Amino acid sequence: MAGKLYLCATPIGNLEDITFRVIRTLKEVDLIAAEDTRNSIKLLNHFEISTPMTSYHEYNKIDKGHYLIGLMQQGQQIALITDAGTPGISDPGEELVAMCHEAGIPVTSLPGPAACITALTISGLSTRRFAFEAFLPTDKKEKQAILEELKEETRTTILYEAPHRLVRTLEELVAALGNRRVTICRELTKKHETAFLTTLEDALEYYRQEDPRGECVIVMEGRSRREMIEEKQRAWEEMSLEEHMKIYEDQGIGRKDAMKMVAKDRGISKREVYQGLLENS
């Protein structure tokens, strides 16, 4: 009978955030796959967990993944942990999960800390709809493509960033998106936890003078739907009613239907379109 993969969330700061279930599971499995065994041994020692460990990280995820799959196919139970947080979130654990599904090995997740959700809930920004971008790509073209997409993103967006790259990332966000409300979260769950609710421009000015410390989570408000609608309406208003009508009529759309579409585009009534066309005729 095949074994099972347990995704075990570990503390992102405060050790008391680990669950009883995770501690029990880490003690009961046959092997723990850890992102950095040197870091994880401190956690295991703290909770008196003596289960053997093996490394599983970005640079060995394929070869080690096949090795772990083989062990689980032989019936071994394996727990996967990261340095902090939930495996699979901005983490090579997603590769191992995919490999397990392909091999028919069951996977279960033991809920616990995740920096993205922790930051979102204390950000003061909308939590109803959100997008998780993790770290922006290092490749310039790929990064620019992502920033172009974020220009039209109406959901709250969550980004991760290292302290030494925070200023550069804020500069890129301001240049691409303009000024938006943002909360910079640091030292999550720790003694000096901060959630700095500000704007992109003010955050940039602040961190140009104050060196950020600790991993950062950027929670940024999405683009206003109202502003997007108003912007489109302003763009149409730069065009005459006749030119606007011609766009639709050239597509074979009847005059009455074209008037309805023009009215909708401009946020006015069909009657106003009709009257405007009469006045200009």
Side-chain angles (χ1 to χ4, degrees), residues 10-14 17 35-36 38-39 57-59 82-94 113-127 129-224 227-228 231:
T10 54
I12 58 177
N14 194 315
D17 288 338
E35 184 177 7
D36 187 336
R38 296 166 300 179
N39 181 65
H57 49 71
E58 182 65 29
Y59 303 104
T82 69
D83 285 347
T86 300
I89 302 296
S90 188
D91 169 79
E94 67 175 308
C116 54
I117 299 300
T118 303
L120 175 65
T121 54
I122 66 172
S123 69
L125 301 176
S126 174
T127 62
R129 299 173 64 250
F130 60 91
F132 177 56
E133 279 294 336
F135 291 93
L136 288 173
T138 54
D139 180 81
K140 290 185 178 180
K141 288 186 178 179
E142 186 179 359
K143 181 190 293 186
Q144 190 57 43
I146 295 296
L147 290 173
E148 285 295 321
E149 291 176 6
L150 291 180
K151 284 183 180 180
E152 306 302 317
E153 180 58 72
T154 59
R155 295 170 295 178
T156 300
T157 301
I158 306 167
L159 300 150
Y160 287 165
E161 194 50 275
H164 65 281
R165 291 196 300 263
L166 180 62
V167 169
R168 184 180 66 186
T169 294
L170 290 173
E171 288 173 341
E172 292 169 339
L173 291 172
V174 169
L177 312 178
N179 201 20
R180 294 190 187 179
R181 287 199 305 160
V182 66
T183 300
I184 310 294
C185 299
R186 297 174 46 257
E187 300 292 297
L188 289 170
T189 78
K190 299 177 183 178
K191 182 178 180 180
H192 300 293
E193 173 182 277
T194 59
F196 181 26
L197 178 57
T198 179
T199 65
L200 282 173
E201 291 180 355
D202 287 346
L204 176 57
E205 182 179 350
Y206 177 81
Y207 285 114
R208 276 174 171 166
Q209 301 177 30
E210 299 288 335
D211 290 334
R213 297 179 182 178
E215 296 297 314
C216 304
V217 183
I218 303 170
V219 186
M220 180 176 62
E221 75 173 347
R223 190 174 181 195
S224 165
E227 288 181 3
M228 292 173 70
E231 183 178 291

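All values derive from a computational prediction rather than experimental measurement.
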Flag, side chain of [X] to backbone of [Y], donor-acceptor distance under 3.5 Å:
| X | Y | value |
| --- | --- | --- |
| Arg181 | Thr198 | no |
| Thr156 | Ser126 | yes |
| Asn179 | Glu201 | yes |
| Tyr160 | Cys116 | yes |
| Glu35 | Asp83 | yes |

Are [X] and [Y] close enough that some pair of their side-chain heavy atoms sits under 4.5 Å apart?
| X | Y | value |
| --- | --- | --- |
| Tyr207 | Ile184 | yes |
| Arg213 | Arg186 | yes |
| Pro137 | Ile146 | yes |
| Leu159 | Val217 | no |
| Thr138 | Lys143 | no |
| Glu133 | Ile158 | no |
| Pro113 | Thr189 | no |
| Tyr206 | Leu170 | no |

To the nearest 0.5 Å, tell me how far Leu177 CG sits from Glu221 CD.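 So the gap between those two atoms works out to 11.0 Å.
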
Find the distance between CG (Asn14) and CG (Leu188) and round it off to the nearest 0.5 Å.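 CG of Leu188 is found 11.5 Å from CG of Asn14.
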
Taking 4.0 angstrom as the limit, do [X] and [Y] come out as a salt bridge?
| X | Y | value |
| --- | --- | --- |
| Glu153 | Arg180 | no |
| Glu152 | Arg223 | yes |
| Arg38 | Asp36 | yes |
| Lys151 | Glu148 | yes |

Applying the side-chain contact (heavy atoms from CB on, under 4.5 Å) test to Leu197, which of Val182, Ile122, Leu125 qualifies?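 Exactly one pass, corresponding to Leu125.
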
Checking side-chain contact (heavy atoms from CB on, under 4.5 Å) between Phe132 and each of Thr157, Ile89, Leu120, which is the one that passes?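 For Phe132, the side-chain contact (heavy atoms from CB on, under 4.5 Å) test succeeds with only one of Thr157, Ile89, Leu120, which is Ile89.
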
Could you report the tightest heavy-atom contact between Cys185 and Ala195, atom names first, then the distance?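 Closest approach of Cys185 to Ala195, heavy atoms only: SG-CB, 4.1 Å.
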
Measure across Thr183 and Ser123 and return the closest heavy-atom pair with its distance rounded to 0.1 Å.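 Heavy atoms of Thr183 and Ser123 come nearest at OG1-O, 2.7 Å.
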
Cut-off 3.5 Å, side chains only: do Glu161 and Thr169 have a donor facing an acceptor?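 Side chains of Glu161 and Thr169: pair found under 3.5 Å.
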
Could you give me the CA-CA distance, side-chain angles and deciding distance for Leu200 and Met220, then say whether side chain to side chain contact (heavy atoms under 4.5 Å, CB included) is met? CA-CA 8 Å; Leu200 282 173; Met220 180 176 62; 3.9 Å; yes

